[in-house]
Amino acid sequence: MVAPQDPREEVIQAWYMDDSDEDQRLPHHKDPKEFVSLDQLSELGVLSWRLDADNYETDEELKKIREDRGYSYMDFCEVCPEKLPNYEEKIKNFFEEHLHTDEEIRYCVAGSGYFDVRDRNEKWIRIWVKKGGMIVLPAGCYHRFTLDTDNYIKVIPFGLHSTVPMIIYPQGRDMFKISCRRKLVTALSMLLRNLCNSLLIGSIVLALINKETSVYMVCLCLRLLELPVWFNCLCSISACLVAATAVNSP
C-alpha cells in the first residue's frame, strides 16, 4: 500500500543545490537530483504548512498558527520587476547569505520563489515555495532568497513584533567560527599542559621514591626545555611508565 503524499509537498519542495554559477533563478539540481524531505527540513528547524492562500483572511488554521506562535505582526510584499522599487538592487540583497536574530516567517499567497538554507554541513538546500506554502526559518539560520524563472512572488511576512530583526552577514559567521576554534584550541592546549604537568609530577615522585636519579633528571630536563605540549606529554607518559616499572621491579 502506498503511503498518502504529504499535501505540503505540492507547494513546498526541497533539494540539494549544485555548485553552478548559472542564473540564480534556475532550479540548480544536482545530477542526479538529490531531494530533501520536509521531515529533514524540520530537523534543521525549518517548519512548513500548506494553507488556503485564497482565503488567508478567514483561514482558521492560519489563525491558530499565529495564536500558538505569537505572530502579532503581518505585512504584504510583492517581489517582481514591476512592483518592487529598486528591484535589481533589492533582489541582489535578498540573495546575499545572511541570518536574522528572530524567526523568518514567509507565507506565499501568489507566485513562487526559492529560499536557500544551509544544512549542518554547510551545504545549500533550495526550498521551492509556491502558492499556499508557508515556511518558518529558525533564528540563526543562514539563508537567502531569489525568485524563480516566473519572476513573481507575493508573500505575507509574519513576526513576533513589527521591529525589523537584526541581519548578520557571513563575515560575522566566519569571525564567530574563528573565535570558537581559537577557544577550543586554547582549551585543549591547557588540558594537555595540565595533563603533562600531572604526569611529570607523578613520574618525579615515583622516581624519587625509587631513588632513580636518571629518571628524575629526565623529567626535570623535559620540564625545563619547554618542548611542544604534545611531545612533552608523550615523553611524560613514557617517563611515568619507566618510573612505575622501576618501583615495581625487585
Side-chain angles (χ1 to χ4, degrees), residues 1-51 53 65 69 77 79-80 90-158 165 167-174 176-178 180-181:
M1 181 178 179
V2 179
Q5 184 183 26
D6 188 327
R8 295 176 298 169
E9 294 177 356
E10 296 181 7
V11 294
I12 302 171
Q13 298 172 25
W15 56 82
Y16 277 105
M17 296 182 66
D18 62 18
D19 298 323
S20 170
D21 292 328
E22 291 184 296
D23 187 343
Q24 66 192 45
R25 300 171 306 157
L26 296 175
H28 284 275
H29 278 290
K30 283 178 169 287
D31 185 17
K33 295 179 180 180
E34 189 175 349
F35 288 96
V36 177
S37 70
L38 298 182
D39 288 338
Q40 288 175 287
L41 288 181
S42 66
E43 291 174 3
L44 297 174
V46 179
L47 308 179
S48 56
W49 294 266
R50 179 181 178 176
L51 302 172
I65 293 170
R69 301 186 65 83
C77 179
V79 182
C80 64
K90 288 187 177 179
I91 201 69
K92 182 179 179 181
N93 290 337
F94 292 158
F95 199 61
E96 287 290 328
E97 179 183 3
H98 62 280
L99 65 79
H100 300 288
T101 52
D102 291 340
E103 292 180 344
E104 178 169 305
I105 308 100
R106 296 293 183 265
Y107 178 19
C108 177
V109 293
S112 54
Y114 296 125
F115 294 85
D116 300 338
V117 300
R118 286 191 182 273
D119 71 0
R120 294 189 178 92
N121 296 315
E122 301 292 312
K123 295 180 180 179
W124 281 113
I125 296 174
R126 171 148 284 187
I127 306 173
W128 192 18
V129 181
K130 294 178 275 189
K131 179 181 177 180
M134 177 173 167
I135 63 170
V136 174
L137 306 182
C141 170
Y142 273 96
H143 64 280
R144 62 192 183 190
F145 167 78
T146 185
L147 293 173
D148 56 24
T149 52
D150 288 340
N151 284 326
Y152 178 78
I153 191 172
K154 182 179 181 180
V155 297
I156 301 178
F158 291 105
I167 299 175
I168 301 175
Y169 289 93
Q171 292 82 357
R173 181 185 63 173
D174 294 340
F176 176 75
K177 282 185 175 180
I178 291 171
C180 287
R181 288 188 187 121

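Since this is a predicted model, take the numbers as computed values, not measurements.
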Q: Between the side chain of Asp119 and the main-chain N/O of Asn121, is any donor-acceptor distance below 3.5 Å?
A: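 Answer holds: yes.
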
Q: Return the CZ to CG distance between Arg8 and Leu41, rounded to the nearest 0.5 Å.
A: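 Arg8 atom CZ to Leu41 atom CG measures 9.0 Å (nearest 0.5 Å).
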
Q: Closest approach of Pro7 and Arg50, non-hydrogen atoms and distance?
A: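 Heavy atoms of Pro7 and Arg50 come nearest at O-CD, 3.2 Å.
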
Q: Might you point out which heavy atoms bring Gln5 and Glu10 nearest each other, and give the distance in Å?
A: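 Closest pair (atom of Gln5, atom of Glu10, distance): OE1-OE2, 4.2 Å.
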
Q: If I compare all heavy atoms of Ser112 with all of Leu147, which pair ends up nearest, and what's the gap?
A: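 That closest heavy-atom pairing would be O-CD2, 4.2 Å.
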
Q: How long is the straight-line distance from CH2 of Trp49 back to CD1 of Ile12, given to the nearest 0.5 Å?
A: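 Those atoms lie 9.0 Å apart.
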
Q: With side chain to side chain contact (heavy atoms under 4.5 Å, CB included) as the test, would you mind laying out the steps for Phe94 and Gln24 before giving the verdict?
A: CA-CA 12 Å; Phe94 292 158; Gln24 66 192 45; over 6 Å; no

Q: What distance do Leu38 atom CG and Leu47 atom CG have between them, rounded to the nearest 0.5 Å?
A: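 Rounded to the nearest 0.5 Å, the CG-CG separation comes to 11.0 Å.
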
Q: Between Ile153 and Cys108, which heavy-atom pair has the shortest distance, and what is it?
A: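 Where Ile153 meets Cys108 most closely, the heavy atoms are CG1-SG, 3.8 Å.
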
Q: Taking His28 for its side chain and Asp23 for its backbone only, find out whether a donor-acceptor pair lies under 3.5 Å.
A: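 Present.
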
Q: Within a radius of less than 6.0 Å around NZ of Lys92, do more than 12 heavy atoms belonging to other residues, nucleotides or ligands occur?
A: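 Not buried by this count: 12 neighbours or fewer within 6.0 Å.
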
Q: Parallel, tilted or perpendicular: which one describes the rings of Trp15 and Tyr114, with boundaries at 30° and 60°?
A: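 Taking Tyr114 first and then Trp15, their aromatic rings stand perpendicular (interplane angle over 60°).
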
Q: Evaluate the criterion side chain to side chain contact (heavy atoms under 4.5 Å, CB included) for residue pair Asp116 and Phe95; output intermediate values, then yes/no.
A: CA-CA 9 Å; Asp116 300 338; Phe95 199 61; 3.6 Å; yes

Q: Using a 3.5 Å distance criterion without hydrogens, assess whether the side chain of Tyr107 forms a donor-acceptor pair with backbone atoms of Ala53.
A: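 The answer is yes, because a donor-acceptor pair under 3.5 Å joins these two groups.
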
Q: Side chain to side chain contact (heavy atoms under 4.5 Å, CB included), that's the test. Do Val46 and Ile125 meet it? Break it down for me.
A: CA-CA 11 Å; Val46 179; Ile125 296 174; over 6 Å; no

Q: If you take all heavy atoms of Asp18 and His29, which pair is closest and at what distance?
A: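 For Asp18 versus His29, the nearest heavy atoms are OD2-O, 3.2 Å.
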
Q: Could you please spell out the steps behind the side chain to side chain contact (heavy atoms under 4.5 Å, CB included) verdict for Arg126 and Asp148?
A: CA-CA 11 Å; Arg126 171 148 284 187; Asp148 56 24; over 6 Å; no

Q: Output the distance between atom CD (Glu103) and atom CZ (Phe158), rounded to the nearest 0.5 Å.
A: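 It is 12.5 Å, given to the nearest 0.5 Å.
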
Q: Less than 4.5 Å apart, any side-chain heavy atom of Asn151 and any of Cys80?
A: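 A side-chain contact is absent here, since even the closest heavy-atom pair is not under 4.5 Å.
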
Q: Atom CZ in Phe115, atom CG in Leu137: separation rounded to 0.5 Å?
A: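 Taking CZ in Phe115 and CG in Leu137, the distance rounds to 7.0 Å.
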
Q: Distance check, rounded to the nearest 0.5 Å: Arg118 atom CZ versus Trp124 atom CH2?
A: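 With rounding to 0.5 Å, CZ (Arg118) is 4.5 Å from CH2 (Trp124).
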
Q: Quick one: does His100's side chain get under 4.5 Å of His143's, heavy atoms only?
A: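 His100 vs His143: side chains touch.
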
Q: Would you say NZ of Lys123 has more than 12 non-hydrogen atoms from neighbouring residues, nucleotides or ligands within 6.0 angstrom?
A: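 It does not: Lys123 NZ has 12 such atoms or fewer within range.
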
Q: Please list, chain by chain and in numerical order, all residues satisfying salt bridge (charged side-chain N to carboxylate O under 4.0 Å, His left out) with Glu43, sequence neighbours excluded.
A: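 If we apply the salt bridge (charged side-chain N to carboxylate O under 4.0 Å, His left out) test to Glu43, skipping adjacent residues, there are no hits.
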
Q: Which pair of non-hydrogen atoms, one from Gly113 and one from Trp128, has the smallest distance, and what is that distance?
A: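 Closest approach of Gly113 to Trp128, heavy atoms only: O-CD1, 3.4 Å.
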
Q: Flag the pair Arg69 / Ile105 as yes when at least one side-chain heavy-atom distance between them is below 4.5 Å, and no otherwise.
A: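 No, every pair of side-chain atoms sits at 4.5 Å or beyond.
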
